[in-house]
Amino acid sequence: MKKVLIIGATSAIAQHCAQLWARRGDELYLVARNQELLKTIASDLKAKGAAETHIHHMDLNEIDNHFAMLKKAEETLSDIDTVLIAHGTLSNQKICEQSVVQTIAEMQTNALSIISLLTHIANLFEIKRSGTIAVISSVAGDRGRKSNYVYGSSKAMITSFTSGLRQRLNKANVAVVTIKPGFVNTPMTATLKKGLLWVKPEFVSAKIVKAIDQRKDEVYIPSLWWLIMTIIKIIPENIFKRINI
Ligand SMILES: NC(=O)c1ccc[n+]([C@@H]2O[C@H](COP(=O)([O-])OP(=O)(O)OC[C@H]3O[C@@H](n4cnc5c(N)ncnc54)[C@H](OP(=O)(O)O)[C@@H]3O)[C@@H](O)[C@H]2O)c1
């Protein structure tokens, strides 16, 4: 039985991961800001087979409360084997272009709050010399594009931060898994037009749980995104700035 801390547990992708862990009989500590939904998710996961579920209600932008939340999770679970960080917001690029306040708020949720969590979790896991830390970044972090560079650059920060953290924690036997989904049909993307590259959260969660089991370094989901982003990344800047992708 694994002891899993899920941060941003009301996310559609995180909920599907939690269901897979529940069916294995794992013990789950769920953190999110929607208390009512958390309660419903926790009882559903218990019914699906989770050894135990615990809920913790907090706004993840309150970074001063992160350490206390992690200590409470560690105390409740006795130990933490795996952490999944899943919360995020899809920034409205047009609004951000006109508002420094909104741009910084997006950076706070999608990058700084996660960096705060990672800093505390890394120090806890480094001391006990075990554990897996998984974070949902995005293919959007691989290159800034005019249509979503506020969201994209916050994800780039996560991708880069986790790369350094992985190297630092390697000798402490702690795995850091950077997850880069493409387009996933969830509440976050409900208003976007769907096309061929879209996948369901069930598909993504199965790949995430497998990547965590295998202590992978970085995963593109679906893997075709590795090829797409490799091509996008090699386009020279003087061409890239003129094209619409
Ligand atoms: N969907 C995609 O196409 C896609 C692609 C690549 C990466 N991702 C990433 O995948 C992760 C999960 O997203 P999703 O697709 O599952 O979307 P989702 O269902 O909309 O989940 C986003 C979650 O983040 C939570 N959240 C946002 N700000 C928060 C805060 N300050 N405190 C606590 N919780 C907060 C939301 O809680 P509330 O409901 O309470 O607001 C919601 O549960 C995100 O990091 C996202 O950037 C998604």
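Read the numbers this way: they start at 1 and go in the same order the structure lists the ligands and their atoms. Model, not experiment: these values are computed from the prediction.
Contact residues for ligand 1 (protein heavy atom closer than 4.0 angstrom to any ligand atom): T10, S11, A12, I13, R33, D59, L60, N61, A86, H87, G88, T89, T109, I136, S137, S138, Y151, K155, P181, G182, F183, V184, T186, P187, M188, T189.
Between the side chain of H56 and the main chain of L30, no donor-acceptor pair closer than 3.5 Å is present. Using a distance-only test at 3.5 Å, with no hydrogens or angles considered, a donor-acceptor pair links the side chain of T162 to the main chain of T159.
Partner S113 forms a side chain to side chain donor-acceptor pair (under 3.5 Å) with one of Q108, H66, E62, H87 and no other, that one being H87.
Contact check on E237 versus R143 returns a salt bridge, with a Lys/Arg side-chain nitrogen under 4.0 Å from an Asp/Glu carboxylate oxygen.
Taking the six-membered ring for Trp and the full ring otherwise, the centers of F183 and W225 sit less than 6.0 Å from each other.
Under the 4.5 Å side-chain heavy-atom criterion for Ile, Leu, Val, Met, Phe, Trp and Tyr, I13 and V4 are members of the same hydrophobic cluster.
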